[in-house]
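Both backbone and side-chain heavy atoms feed into the values below; hydrogens, waters and symmetry mates do not.
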Amino acid sequence: MNTIQNDRFLRALLGQPVDMTPVWLMRQAGRYLPEYRNTRAQAGDFMTLCKTPELACEVTLQPLARFPLDAAILFSDILTIPDAMGLGLYFVDGQGPKFKYPVRTPKAIQNLTVPDPEDQLRYVIDAVRLIRTELAGKVPLIGFAGSPWTLAVYMVEGASTRSYSKIKGMLYDSPNTLHKLLNILADSVILYLNAQIAAGAQAIMLFDTWGGILTPTAYREFSLAYLERICYSLVREFAAQPIPIILFTKGGGQWLEVIAKSGCDAIGLDWTIDLGEARARVGNLVALQGNLDPAILYAAPEQIRSGVAMVLESYGHGSKHVFNLGHGVAQDMQPEHIGVLVDAVHELSKPYHQ
């Protein structure tokens, strides 16, 4: 890792000594930054922003210009794969993503094809290459994808939902049909992430946003089984450097032990579980990432520092911790409060690494 000026993030994921706890934030590039809003206005709409490598690179780097973060994460969207499958992804302000052509029948699933990352998803791969060049080795670059289960939820429902009636109806009424969809998505995610690694991604994160809505039995069968397959199918070393994998199942605190055995290097945690308890449960099997409640960023700076201190104390001494929020930065949070958080992590974590 001698080509990276600050490799603290990668070292922590691999259990190697660090001088302080590394920190990056989910949605660290986004609408809370005025410079992001300016670039988004320049693009005209969200998908154009995602599909223009130069603009995606620009917004990826914007938070790094403001804050001493220990990693960059590719600016993209988890729904790039179903969009590349021709499902007609579009966004409605205040309503989130929608698909013109939801996938709800065996015939619709049979017609799906695995997108070629260097063709239908070339804009993402080009963005990865450009970001790596522009980072110039300052910090590592994280690539990512949505989990097969999470992608399937959006593809079957056709939009954000609170009931999950269509996807759960398929799960219980036609599980073989759902497995066919999940297999196509797993193949797509593997190809997509390996292309990101070849283009320069130095760590990978899998977002299983909707894994937590499942029963324990269904989680193992319809989500975790495919995450395991992905973990064992990804390139784990590139250019003589290990490529760590982080799995984040929102609401997945009850399944930490089985997630830890999935083949990942780290588990991302939301804010609903105590970090110290999670560490005791997984032992030395994996690193942990998280897990400050994002809502604390609405509070005064001294409360943010106090929250950071509590998370660090909960984890305790040792290097296998990457500080993050329990979910993403919201659009109405103050950039100055992000700066308070990042500085507090670096300052207050040093005694835990002596």
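- Neither Val92 nor Leu89 shares a network with the other; the hydrophobic side chains, linked directly or stepwise wherever heavy atoms of I, L, V, M, F, W or Y lie under 4.5 Å apart, form separate groups for each.
- Residues Gln62 and Thr39 bring a donor and an acceptor atom of their side chains to less than 3.5 Å of each other.
- Ring pair Phe248/Phe144: centre-to-centre distance not below 6.0 Å.
- Pairs engaging residues 256-275 under the side chain to side chain donor-acceptor pair (under 3.5 Å) rule: Arg236-Asp265, Glu257-Arg281, Asp270-Thr272, Asp274-Ser314 [sequence neighbours left out].
- Remark: Cys264 SG to Leu224 CG distance equals 9.0 Å, nearest 0.5 Å.
- Residues Tyr192 and Thr80 meet the side-chain proximity criterion, which asks for heavy atoms closer than 4.5 Å.
- From Phe222, atom CZ reaches atom OG1 of Thr215 across 8.5 Å, with rounding to the nearest 0.5 Å.
- Taking CG of Leu206 as the start and SG of Cys231 as the end, the distance is 6.0 Å to the nearest 0.5 Å.
- For the residue pair Phe75 and Cys50, the shortest heavy atom distance occurs at CE2-SG, 4.0 Å.
- For His353 (side chain) and Thr21 (main-chain N/O), a donor-acceptor pair under 3.5 Å exists by modelled atom type.
- Summarising the local packing, CD of Glu118 is surrounded by more than 12 heavy atoms from other residues, nucleotides or ligands at distances under 6.0 Å.
- For the pair Arg27/Met333, no side-chain contact is recorded, criterion being any heavy-atom separation below 4.5 Å from C-beta on.
- Considering only heavy atoms from C-beta on, Gln202 stays 4.5 Å or farther from Asp7 through its side chain.
- With 3.5 Å as the limit, one finds no donor-acceptor pair spanning the side chains of Trp149 and Tyr219.
- In this structure, OG1 in Thr177 is found 11.0 Å from CG in Leu171, a value given to the nearest 0.5 Å.
- Under a 3.5 Å cut-off, the side chain of Tyr298 and the backbone N or O of Pro294 do not form any donor-acceptor pair.
- Side chain of Lys138 to backbone of Leu64: no donor-acceptor contact under 3.5 angstrom is found.
- Here the side chain of Ser174 pairs no donor or acceptor atom with the backbone of Met170 at under 3.5 angstrom.
- The closest donor-acceptor contact from the side chain of Ser188 to the backbone of Val114 lies at 3.5 Å or more, if one exists at all.
- Within 6.0 Å of the NZ atom in Lys98, the count of heavy atoms belonging to other residues, nucleotides or ligands exceeds 12.
- Annotation: Asp173, atom CG; neighbour count of heavy atoms from other residues, nucleotides and ligands within 6.0 Å does not exceed 12.
- The backbone N or O of Met85 sits nowhere less than 3.5 Å from a side-chain atom of Gln120 that would complete a donor-acceptor pair.
- Side chains of Val308 and Val23 form no contact here, defined as non-hydrogen atoms less than 4.5 Å apart.
- A side chain to side chain donor-acceptor pair (under 3.5 Å) check over residues 318-328, counting only residues at least two apart or in different chains, returns nothing.
- Leu312 places none of its side-chain heavy atoms less than 4.5 Å from the side chain of Pro351.
- Linking Ile, Leu, Val, Met, Phe, Trp and Tyr whenever their side-chain heavy atoms come within less than 4.5 Å leaves Val286 and Val18 in two separate clusters.
- A distance-only check finds no donor-acceptor pair linking the side chain of Ser349 to the backbone of Met20 [under 3.5 Å].
- With a 4.5 Å cut-off on side-chain heavy atoms, Leu269 and Leu256 count as touching.
- When the shell of 6.0 Å around CD of Gln254 is examined, it contains more than 12 heavy atoms from other residues, nucleotides or ligands.
- Side chain of Gln42 to backbone of Asn38: no donor-acceptor contact under 3.5 angstrom is found.
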From CA spacing to verdict: side chain to side chain contact (heavy atoms under 4.5 Å, CB included), Ile190, Arg229: CA-CA 9 Å; Ile190 291 164; Arg229 182 173 143 204; 4.2 Å; yes
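- Heavy atoms only, all atoms of each residue included: Leu185 and Pro148 are closest at CD1-O, 3.4 Å.
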Verdict with supporting geometry, Leu87 and Val103, side chain to side chain contact (heavy atoms under 4.5 Å, CB included): CA-CA 8 Å; Leu87 303 190; Val103 177; 3.7 Å; yes
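- If you chain together hydrophobic residues whose side chains sit under 4.5 Å apart, Ile125 and Leu130 never meet in one group.
- Contact annotation: the side chain of Pro63 never approaches that of Trp24 to less than 4.5 Å [non-hydrogen atoms, C-beta and beyond].
- For residues 45-66, the salt bridge (charged side-chain N to carboxylate O under 4.0 Å, His left out) pairs, not counting sequence neighbours, are Glu35-Arg66, Lys51-Asp83.
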Check against side chain to side chain contact (heavy atoms under 4.5 Å, CB included), Ile338 and Leu33: CA-CA 10 Å; Ile338 304 295; Leu33 289 174; over 6 Å; no
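- Using a 4.5 Å heavy-atom threshold, the side chains of Pro82 and Phe99 count as touching.
- Put simply, the side chain of Arg11 never gets that close to the backbone of Gln16: no donor and acceptor are under 3.5 Å apart.
- Formation of a donor-acceptor pair under 3.5 Å by the Arg305 side chain with backbone atoms of Val345 is not found in this model.
- Using a 4.5 Å cut-off between side-chain heavy atoms of Ile, Leu, Val, Met, Phe, Trp and Tyr, with links allowed through other members, Leu325 and Met310 fall into different hydrophobic clusters.
- Residue Tyr101 places its OH atom among 12 or fewer non-hydrogen atoms of other residues, nucleotides or ligands, all under 6.0 Å distant.
- Between Pro244 and Leu14, the closest heavy-atom pair is CG-CD2, 4.1 Å.
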